[in-house]
Amino acid sequence: MNITALINALPGACAQGLIWGIMAIGVFITYKVLDIADLTVDGTMCTGGAVCVMLMLNGVNVWLALLCALIAGMLAGFVTGILHTVMGIPAILAGILTQLALYSINLRILGSSNQAISVRKYPLLLSLLHIPQAALITALFIAALIAILYWFFGTELGCSLRATGCNMAMARAQGINTSFTRVLGLMISNGIVALSSALFSQYQGFADINMGRGAIVIGLAAVIIGEVLFGKLFKNFALRLLAVALGAVLYYLVIQAVLWLGLNTDDLKLLTALVVAVFLSVPYLRSKYFRKGARGRA
Amino acid sequence: MLKIENIHKTFNPGTINEKKALCGVSLTLEDGDFVTVIGGNGAGKSTLLNAVAGVWPVDGGSVFIDGINLTPLPEHKRAKYIGRVFQDPMMGTAADMWIEENMALSARRGEKRTLRRGITAAERDTYKAALATLGLGLEERMTSKVGLLSGGQRQALTLLMASLRRPRLLLLDEHTAALDPKTAAKVLDATDRIVAQDKLTTIMITHNMKDAIAHGNRLIMMHEGRIILDIRGEEKSRLTVEALLRQFERASGEEFASDQALLS
């Protein structure tokens, strides 16, 4: 095992982690703020990239392409939101339906299962050929995103979203249209995920129909890692978002390390699922079987 | 001011669990009326409040406030007119949000939520003064999460929030039932003060007959989805628990079945 190989791989893992950090911030909004596990993101994590790459291949400006990717993601979130609130389908199932539908839509957008875009021919914002630059640009995106979200969740509308996720009965009693806030939250979340997808497809130089597979699990992993490691330290909302982004970076660093230790890439998703399952079950198991503190004092 | 006309509600219709919760309830409240509602379990007390608040659509009948027909409006639109405190202290507040954020949320009840600040500096001072009137020291904990408060503190806060923006109607659904007697008395005191101060039209459900007699200017007893007693003014002020029980037996033809109401 060659330690320099690992060290050489770390900057790339950081850049990739940062891009997925944006995605994880999107997941944070549904999973933590709105208290919905939204599986739409497995689809939107491809839609954003597909839209961005196809538009750029057709000569559209990169910023406009990013904006369109964002809007496409918000549309996907809107569909899930309508299925959930107007049609009364449980959120998790609504997300699965949209995700499945998006597979066909993504294929339609891409025209095939994979579309490459070369940084030499197109003015991409970031590329894995220029990793430090890619990491810097993504970090700037994250900073701007955190600033906007911090502002938004301090507004009347943002507060009503948080109240909806916290206590739906209370929110309605306070005159908040919880159907509207849930749809809005899903739109914001999926828009952010699609933006991350657009950046990621530029970074890797292609959009692929499978690039979103298991995205929700990676997003959750980042949210959980961020919370476990920085939860005690970061109480402020902006810092909690930062923790999520850092969680994604750490996730990719760990992945890089286990790959270096000889893990077969085919087993990666199994490992991710296991890690997330363990972390998700820890709070429950701890409260159920390890109530030492409570029992001791009582 | 509030007019409830012939409300019907059946839960799980057509199944083995079918429950006729409200069977044609009608009730008219004047401005400033403070009505206490008693009745055994399953009498339809909470169902009546939920029908007024619009938690679900009713099967028949209508609800008016100030002549406005609320019946077709969803819960969040009715909130403009109605302040509510629930039996469960967890239900009336957002536990993960600060005390002042919770208050700011209810101060905007019935208003459009825009991209203005969720809470302003001027508001904070108002809330601080309002919290101080509760005498619970909450004014020093404006940025504490509500989840850290005790049940009694949460109920007092919810009550304050319900009245921050003067509601046309205040609905109290056994809001002291989950509290210990001492705390319950405190919250009831605060209730009396807030209702009197803002001259709020109020419906208060209670399990406790003594409380039902001691508070408000009108008393309603429900049984099997109907209002079977309606006592007001002079007659109410002379009521005793014993007299109330006799009246109940006469009106319903049954013995009052809730131990909780007798023992407390």
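Everything quoted here is computed from the prediction, not taken from an experiment. Letters A, B, ... mirror the listed sequences (proteins, then strands); counts begin at 1.
Heavy atoms closer than 4.5 Å to chain B are found in both the backbone and the side chain of Cys159(A). Interface residue Phe152(A): only side-chain heavy atoms are found under 4.5 Å from chain B. Only the side chain of Met161(B) has a heavy atom closer than 4.5 Å to any heavy atom of chain A.
Around atom NZ of Lys199(B), no more than 12 heavy atoms belonging to other residues, nucleotides or ligands sit under 6.0 Å away. Environment of CZ in Phe234(A): crowded, with over 12 heavy atoms of neighbouring residues, nucleotides or ligands closer than 6.0 Å. The local environment of CZ in Phe64(B) is crowded, with over 12 non-hydrogen atoms from other residues, nucleotides or ligands closer than 6.0 Å.
Contacts with chain B were tallied for Gly158(A), Ala163(A), Ala169(A), Gly165(A); Ala163(A) has the most, counting heavy-atom pairs under 4.5 Å. The candidate from Gly110(B), Gly92(B), Ala53(B), Gly83(B) with the greatest count of non-hydrogen atom pairs under 4.5 Å with chain A is Gly92(B). Between chain A and the options Thr158(B), Thr114(B), Leu105(B), Asn102(B), the largest number of non-hydrogen pairs under 4.5 Å is found for Thr114(B).
Atoms CD and CZ, on Gln174(A) and Arg113(B) in that order, are 7.0 Å from each other to the nearest 0.5 Å. The line from CG of Asp96(B) to CG of Asp35(A) is 9.0 Å long, rounded to the nearest 0.5 Å. Atom-to-atom distance recorded for Met170(A):CE and Arg84(B):CZ is 11.5 Å, nearest 0.5 angstrom.
Salt-bridge check for Arg162(A) with Glu101(B): passed, with a basic side-chain N closer than 4.0 Å to an acidic carboxylate O. Salt-bridge annotation for Arg117(B) and Glu156(A): absent, with no side-chain N of the basic residue lying under 4.0 Å from a carboxylate O of the acidic one.
Considering only heavy atoms from C-beta on, His76(B) stays 4.5 Å or farther from Ile176(A) through its side chain.
Although no hydrogens or angles enter the test, the distance criterion places no donor-acceptor pair under 3.5 Å between the side chain of Asn167(A) and the main chain of Ala95(B).
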